[in-house]
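Notes to accompany the following structure.
Because the structure is a prediction, the values reported are computed rather than measured.
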Amino acid sequence: MTLMIAAAVIIYEGRFADMGTDASTTIAAISTAMSNSGIGIVRMSGDRAYEITQKVYRSKNNKLLTEQKSHTIHYGYIADGDTLIDEVLVMLMKGPHSYTGEDTVEINCHGGVYVVRRILELLIRNGARPAEPGEFTKRAFLNGRMDLSQAEAVGDLIVSQNEYALKSSIQQLKGSIRNKINNIRNKIIYETAFIETALDDPEHISIDGYGEKLSGIIQELLQELKHLIDTADNGRILKEGINTVIVGKPNAGKSSLMNVLLGEDRAIVTEIAGTTRDVLEEHINLAGISLNIMDTAGIRQTADTVEKIGVERAKTYADQADLILYVIDASNPLDENDREILKMIQGKPSVILLNKSDLSMVITKEQLCNEYFASNPSSGQDKNKGKNPAIIEISAKNQSGIEELENQLKSMFFAGNLAFNDEIYITNARQKHALQNAYESLKKVKESIELQMPEDFYSIDLMDAYEALGNITGETIGEDLVNEIFSKFCMGK
């Protein structure tokens, strides 16, 4: 095996010696929110964590924390000299069996902002230094307690806003992405090692016909990578929520629907057409699904300059949306503005809401289906052959039909393009970019095989793919990027 291969298979050992983290330094931070609460936690990690805590810890029997077993909790007080600061529980965790892989102490105190700050300042005065954002998780990564995909999952877990984002983060934290990527990398390094060994010892190892075999392996790997890349859009939706835009003509009931979904009067509702001139954005959790919901200006032909700008913005947001809620005033006939909106939502995930069902309705679902397909005759679809749009009768005034809307969104989420199950989802752009780089490198390998290039050309692109995938798990990543990733974490994590 060549030096190139030998270097590539080394993981964790000595990789992070120059990444700017001094393992001999003990760090401390407040790990709970900076607001008055029942409990606050001050966390400390490093070689001197036990020693520093002992300097400020008082107990009835004068026990020495340095002599206590790992993963035990001890009742006592934190004191600044002769002044008692708070009654506490101190949790001890010996490295390497801790979150960071180092000696770790967590002081559970009362959650007053002044109290937790006083304890943190006391620890710093006695030898700790303030932790940087995400430094506890960074140390866990550098000490081999988790790979980079798991570390990023920690950050996603903290900010998860719905059940599905939580499930995805937990899967990644358990190593779902790491295991998948390592499996692909192992296949790549095996084939690379075979090529290098065969080239070094052609008398004993034949590579006749190897190109055809390798081509089949590369094709399987390309399919695996393509599937992961294709999950990125769904992964973004799981993590960030569904970008949902409410569209419709003026006075159709868009703002009323927005208020019903939010459970408060957030949008201004009047009988005057064109009240909403700009985009109003809110985040809601509907039936366990996160919606980044936007109420937009009513779409119609208008000579009003300000309103015209609002209409153009509504169209732009709708074009970029993951989901469109098209609200129609079902008590009035359809007109050219409605037909223009029907054209606009063609081919996009959308739900059509026949609002004001509490009044005398003059628009039926069947009529709307006919108009929907007539708005795009070039599609070659009709109501008998094409898939009917989702149409729901609602009354924003009486809040009827909202439960059916929730069920429809659930159905779209689970069964359509927004589906979630136990498969792996790529949830950040950095990982997607690394997958795309690996994919392109493997495509070059396949092209080299087809062009019957020498075998050493294969190993160059194979190693490029191997290193690109290593960026996901953190095995081939630079110090600057590591620091950037963890700088986005909250303090104390």
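Judged as a side-chain hydrogen bond (donor to acceptor under 3.5 Å, both in side chains), and not counting sequence neighbours, the contacts of E106 are R43. With sequence neighbours excluded, the residues that form a side chain to side chain contact (heavy atoms under 4.5 Å, CB included) with I52 are T26, M44, R48, L123, N126, A128. The ring pair (Phe, Tyr, Trp, His ring centres under 6.0 Å) test applied to F194 returns Y210, not counting sequence neighbours. By the salt bridge (charged side-chain N to carboxylate O under 4.0 Å, His left out) test, K226 is found to be paired with D230, residues two or more places apart in sequence or in another chain being considered. For S98, the side chain to side chain contact (heavy atoms under 4.5 Å, CB included) criterion is met by M93, T100, T104, not counting sequence neighbours. With sequence neighbours left out, D156 forms a salt bridge (charged side-chain N to carboxylate O under 4.0 Å, His left out) with K239. Every residue two or more places apart in sequence or in another chain was checked for a salt bridge (charged side-chain N to carboxylate O under 4.0 Å, His left out) with K432, and none qualifies. Not counting sequence neighbours, the partners of E404 by the side chain to side chain contact (heavy atoms under 4.5 Å, CB included) test are I392. Under the side chain to side chain contact (heavy atoms under 4.5 Å, CB included) criterion, A429 pairs with no residue at all, not counting sequence neighbours. Not a single salt bridge (charged side-chain N to carboxylate O under 4.0 Å, His left out) links K213 to another residue, sequence neighbours left out.
Salt bridge R139/E135: present, at least one basic N to carboxylate O contact under 4.0 Å. Of the charged side-chain nitrogens involved, at least one lies within less than 4.0 Å of a carboxylate oxygen, so that K180 and E224 count as a salt-bridged pair.
Distance alone, capped at 3.5 Å, places no donor-acceptor pair between the N183 side chain and the N179 backbone. No donor-acceptor pair closer than 3.5 Å links the side chain of T197 to the backbone N or O of I195. For the pair H71 (side chain) and H97 (backbone), a donor-acceptor distance under 3.5 Å is present. For D319 (side chain) and K315 (main-chain N/O), no donor-acceptor pair under 3.5 Å exists by modelled atom type.
The distance from atom CG of N186 to atom CD1 of I181, rounded to the nearest 0.5 Å, is 11.0 Å. Rounded to the nearest 0.5 angstrom, F486 CZ and L142 CG are separated by 6.5 Å. Rounding to the nearest 0.5 Å gives a distance of 10.5 Å between CD1 of I177 and CG of L148. Rounded to the nearest 0.5 Å, atoms CZ (R430) and CG (N471) are 6.5 Å apart. One distance of note links CD of Q408 with CG of L405; it measures 8.0 Å at 0.5 Å rounding. Between atom CD1 of residue I242 and atom CG of residue L409 there is a gap of 7.0 Å, rounded to the nearest 0.5 Å.
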- [ ] Check the pair L469 / L225 against side-chain contact (heavy atoms from CB on, under 4.5 Å), numbers first and verdict last.
- [x] CA-CA 10 Å; L469 294 173; L225 292 178; 4.0 Å; yes
TODO: Please lay out, stage by stage, how R129 and I124 fare under the test side-chain contact (heavy atoms from CB on, under 4.5 Å).
DONE: CA-CA 5 Å; R129 72 160 172 80; I124 292 171; 5.9 Å; no
TODO: Any chance you could lay out the side-chain contact (heavy atoms from CB on, under 4.5 Å) test for L462 and I218, step after step, and finish with the verdict?
DONE: CA-CA 10 Å; L462 283 169; I218 295 301; 3.8 Å; yes
- [ ] Test side-chain contact (heavy atoms from CB on, under 4.5 Å) on T244 and N292 and set out the steps.
- [x] CA-CA 6 Å; T244 306; N292 303 316; over 6 Å; no
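At a threshold of 4.5 Å between non-hydrogen side-chain atoms, the residues D103 and D47 do not count as touching. Taking 4.5 Å as the limit, every side-chain heavy atom of Q223 sits out of range of all side-chain heavy atoms of H227. Residues L92 and S70 have side chains not in contact (no heavy-atom distance under 4.5 Å, counting atoms from C-beta outward). A heavy-atom distance below 4.5 Å is found between the side chains of R185 and E475. At a threshold of 4.5 Å between non-hydrogen side-chain atoms, the residues I229 and Q436 count as touching. Inter-residue side-chain proximity for V245 and I293 is flagged as unmet; no heavy-atom pair is nearer than 4.5 Å. Counting only heavy atoms from C-beta outward, the side chains of M258 and I246 approach each other to under 4.5 Å. The closest side-chain heavy-atom distance from D464 to D461 is below 4.5 Å.
The 12-atom threshold is exceeded at CD of E450, counting heavy atoms of other residues, nucleotides or ligands nearer than 6.0 Å. E403 CD: 12 or fewer foreign heavy atoms inside a 6.0 Å radius.
Applying side-chain hydrogen bond (donor to acceptor under 3.5 Å, both in side chains) to Q150 and the options R145, Q172, R178, K174 leaves one that passes, R178.
The closest side-chain donor-acceptor pair between Y326 and D338 falls under 3.5 angstrom. Side-chain contact annotation: K254 with N355, donor-acceptor N/O pair under 3.5 Å absent.
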Name the atoms and distances for all side-chain donor-acceptor pairs under 3.5 Å in residues 28-37, with sequence neighbours left out.
residue	atom	partner	partner atom	Å
S31	OG	G492	O	2.8
T32	OG1	I41	N	3.1
N36	OD1	V113	N	3.0
S37	OG	I39	O	3.1

Side-chain donor/acceptor pairs under 3.5 Å, residues 437-449, sequence neighbours excluded:
residue	atom	partner	partner atom	Å
N437	ND2	H433	NE2	3.3
S441	OG	N437	O	3.2
K446	NZ	S215	OG	2.9
S448	OG	K444	O	3.0

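Geometric assessment of K343 against the ring of Y372 yields a negative cation-pi assignment under the 6.0 Å and 45° thresholds.
Here the shortest heavy-atom pairing between S255 and D295 reads OG-OD2, 2.7 Å. Between G253 and V327, the shortest heavy-atom distance links the atoms C-CG1, 4.1 Å. Taking both residues in full, the closest heavy atoms of V116 and V42 are given as O-CG2, 3.9 Å, listed atom of the first, atom of the second, then distance. Between A318 and I324, the shortest heavy-atom distance links the atoms O-CD1, 3.7 Å.
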